[in-house]
Amino acid sequence: MELNMMHDVFDRVAKKQKLLSSRTQELIDQVGWEIEQAKLKMQPSESPTGCTDPKSILVDLKTKLNEIAPINQLEGLQKELNFGLGKYVKTLEKCFNSDISKAHRKVDFDVHIVNQIIATHFYRHGMFNIGDCFIREANEPEAAAIKSAFLEMHETVEAMRCRNLEPALSWASKQSEWLLQNGSSLELKLHQLQFVEILQNGSRNEALTYARTRLAPFAPVHMVTFQKLMACLLWAGKIHQSPYADFMLPSHWERVAEEFMQRFCSLLGQSYQSPLGVTIGAGIQGLPVLLKIESVMAAKKQEWLTMTELPVPVDLGREFHFHSIFICPVLKEQGSDENPPMMIPCGHVLSKQSLVKLSKNSTRAFKCPYCPSEATVAQSRQLYF
Amino acid sequence: MRSYFLVINCRQEGIRSLQSFKKPNRRESTTHSRRWIPVSTAIRPSPASSLPISPSIHHLLPSPLSPLGGDMDMAIDSAPNGDASSSPAVPPATAAAAAAPPAPTTRLAQLAESLKLEYQFVRVPLEHLKKTMRTNYRLAEKEVAAVLSSVAEAVDRSDAMSRDDALTHLSSLVSRLQSLKRKLEEGSRVENLQAQRCRARLEHLDSVADADKFAEWKDVRLTRILVDYMLRMSYYDTAKKLAETSKIQELVDIDVFLEAKKVIDSLRNKEVAPALAWCAENKSRLKKSKSKLEFQLRLQEFIELVRADEKLRAVSYARKYLAPWAAAYTKELQHAMATLAFRHNTECSTYKDAFEPSQWDCLVEQFKQEFCGLFGMTNEPLLNIYLQAGLTALKTPLCYQEACRKEDPLSQEGFRKLAEPLPFSKLHHSKLVCYITKESMDHENPPLVLPNGYVYSTKALEEMAGKNEGKITCPRTGEVCSFTDLIKAYIS
């Protein structure tokens, strides 16, 4: 991106603009001064010599003003400024894509759906004031339904930031079964943080009772962690001097807060990342390619608007891969239930249809398209991604 | 590698003969799309090809200077899984593709491409600055010219003027110049602010290269897009609040849209005067773009006069204001003049529409379009453009199934509905995601196959084996096997 060049061009324009305004002021001053002089000359008391005839003074004034020719000067400077501006605009048009809506199809996006998506996005990120204001202005009262859930989530996280784990613990114990089903040890982590917090405040007895009541149920499964925590009892109030000092790290709190948010959203059926953010991110990566496709198709007069599948892939970054998609290297078709991916003994994977065709309807052995080894259809295995 | 080349060439024959039997893709009904598919098999420039390859597509690719030239050629794309020597994706022989630079899969190249989309971001403050400069210049020119001509006129009249008259005349000129000076000082201050804003935008684009703050930069971009949406939809309060909270007032154009708001509000109140004033301000540029707006505004005023039954006034109005446009828009003018014969609540279908209040909404839309065009803005909100592009890029048939992961935006009902009329995205190479870790299975993390056919990533299975003494339990079927039973799969 030739941003430096643009900076230079713009600086030149800005200089010309400043020049024009300062020169304009100067010219006005000059004209004003001439008129003042003429006025002075005309004062009856003021003229020792020369005539005080208004006409001749005025004629003088007129000639002097014509000499200065302010209008011509202004015009000249303005022309230069316009020239500089035109050059800058041309630079912009060269460096940027001046119409990104070319690839946009004229399908109507239902405004209500879009507004709901935006409102959810605001609530997810804790911008409750803005979300409320938006719903009011956009007149979408139904979108406020999801607000309470996210409000709960943010309040809990806020409490955690103030080292208050009560709301989080109560949520975790309510959802304890679901968390275990999904392989999450969130409850244990919360109890662990609470235990360390109590211990750090120095009260060993309280910590002991806490361990007995809340940590003990986790002992069978997470014995190692449990043992470490018990050992911390020896350093009540001075854990940072113990070998287990890393239990004190604030990053633990942040990570647990993050996991809490992830599990919370997952329980709600929402994703942790705002879907609006993800889609816009994908759009920013994909739009240059779409614009390119559109321009090529327009050149060949093909229909951009009616196609049901893009002719060219849009490569998105890894963060946008959500599904396993298998493309048979031979047929370039997507794997499906009717045409699943099959692996042959050499390790290469083809779709079932291409296997069948290569082996002439499962009758003969065939050579793998990639490596020289032979295989038969019987030796192939269906893969499940 | 070379010794394999001959072998691979023979293999190509196998693949290409398969291609000729390829059934048309069920999703594609038009033949043109088939021509795109076998790009990566255009390895040998074989003359008699039964394949519908269109090498002409490559000729339409832009010059090698454009980094996107590489995107069209799939063979240059990310390296396939597994053994490189057995991969048929040998660098293609087509000249255009060979001349194209490597595909922009590098982060910097992608960033550069995404910056190119920010035309509106830098153009709008420039247009605003231009407008201010134009206004200031016209004011200065007019006033100074008036002063000069006033002096000349005084010279002509000087015989009839007394000394006192001349003095007062000159004083009035001086005070006129002084007020001009004050106005221009204020104008110049505004110009400087606007120029500073232009610079701030360029600097903001520069700052994308700063890797530490990149996540912030992306957040700011999303907020900018949202503010643009709010302004276009006239949710001004939300836009202001959003800009304030994120501290991006310099990076959004609220004031530009507020100027438009005045005109839009007046149009909604059925007043055309501010809109006409706006047209007069931007006369030359509207003329260049052959805009119909002024004509339509005049037309609407005419219709309002007819509606109020003031036919004579309507006719004289038409003579004065509509006649100049007669040559350009004859049919519309004729249609409008015919309304004189009807009452405003006429049932005659041809002329009923002319009296509809929805005509005012059309005017508002027309104004918005002209306004956006003048400032170099797109007609659609940026949000819609990016949303559509994103949905298209993410849309696969798998997204509509029940088992779609929640992380995919298209698992949400709203997104699915929006994406319905959009085309599916296409892939030329497999993109696999491990069921366990949700990470990509590729070169660095190859897929491993269990004896029952299920596939997971190396990283996940190594971790599992490490925790369970070399035993692997398939998460989906529960079958147990040993790490040594796994086979590596090669997928391109």
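Chain letters run A, B, ... following the sequence lines, proteins first, then strands; residues in each count from 1.
- Between chain A and the options B/N192, B/D219, B/N452, B/L180, heavy-atom pairs under 4.5 Å are most frequent for B/N192.
- Contact check on A/D11 versus B/R199 returns a salt bridge, with a Lys/Arg side-chain nitrogen under 4.0 Å from an Asp/Glu carboxylate oxygen.
- Atom CG of B/L391 sits about 5.5 Å away from atom CZ of A/F109, to the nearest 0.5 Å.
- Every salt bridge (charged side-chain N to carboxylate O under 4.0 Å, His left out) that B/E439 has, sequence neighbours left out, goes to B/K459.
- In this structure, B/Y490 has its ring center no closer than 6.0 Å to that of A/Y370.
- No side-chain donor-acceptor contact under 3.5 Å links A/T279 to the backbone of B/L387.
- Per-residue heavy-atom pair counts under 4.5 Å with chain A were compared for B/P409, B/P421, B/S411, B/G187, and the maximum is reached by B/P409.
- Among the candidates B/I487, B/D206, B/T396, B/L184, the residue making the largest number of heavy-atom pairs closer than 4.5 Å to chain A is B/D206.
- With a 4.5 Å cut-off on non-hydrogen atoms, B/E141 touches chain A through its backbone and its side chain both.
- With a threshold of 4.5 angstrom between heavy atoms, B/Y456 does not approach chain A through any atom at all.
- Between the side chain of A/E137 and the backbone N or O of B/D237 there is at least one donor-acceptor pair closer than 3.5 Å.
- The contact between B/L222 and chain A is made entirely by side chain atoms (from C-beta outward), counting heavy-atom distances below 4.5 Å.
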Walk me through whether B/Y435 and A/F385 qualify under ring pair (Phe, Tyr, Trp, His ring centres under 6.0 Å). CA-CA 7 Å; B/Y435 180 85; A/F385 292 112; over 10 Å; no
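- The candidate with the highest count of non-hydrogen atom pairs below 4.5 Å against chain A, out of B/L382, B/L177, B/N136, B/L422, is B/L177.
- For the pair A/R381 (side chain) and B/V449 (backbone), a donor-acceptor distance under 3.5 Å is absent.
- In summary, A/K18 and B/E191 do not engage in a salt bridge, as defined by a charged side-chain N under 4.0 Å from a carboxylate O.
- A/I117 touches chain B through its side chain: at least one heavy atom from C-beta onward sits under 4.5 Å away, while N, CA, C and O do not.
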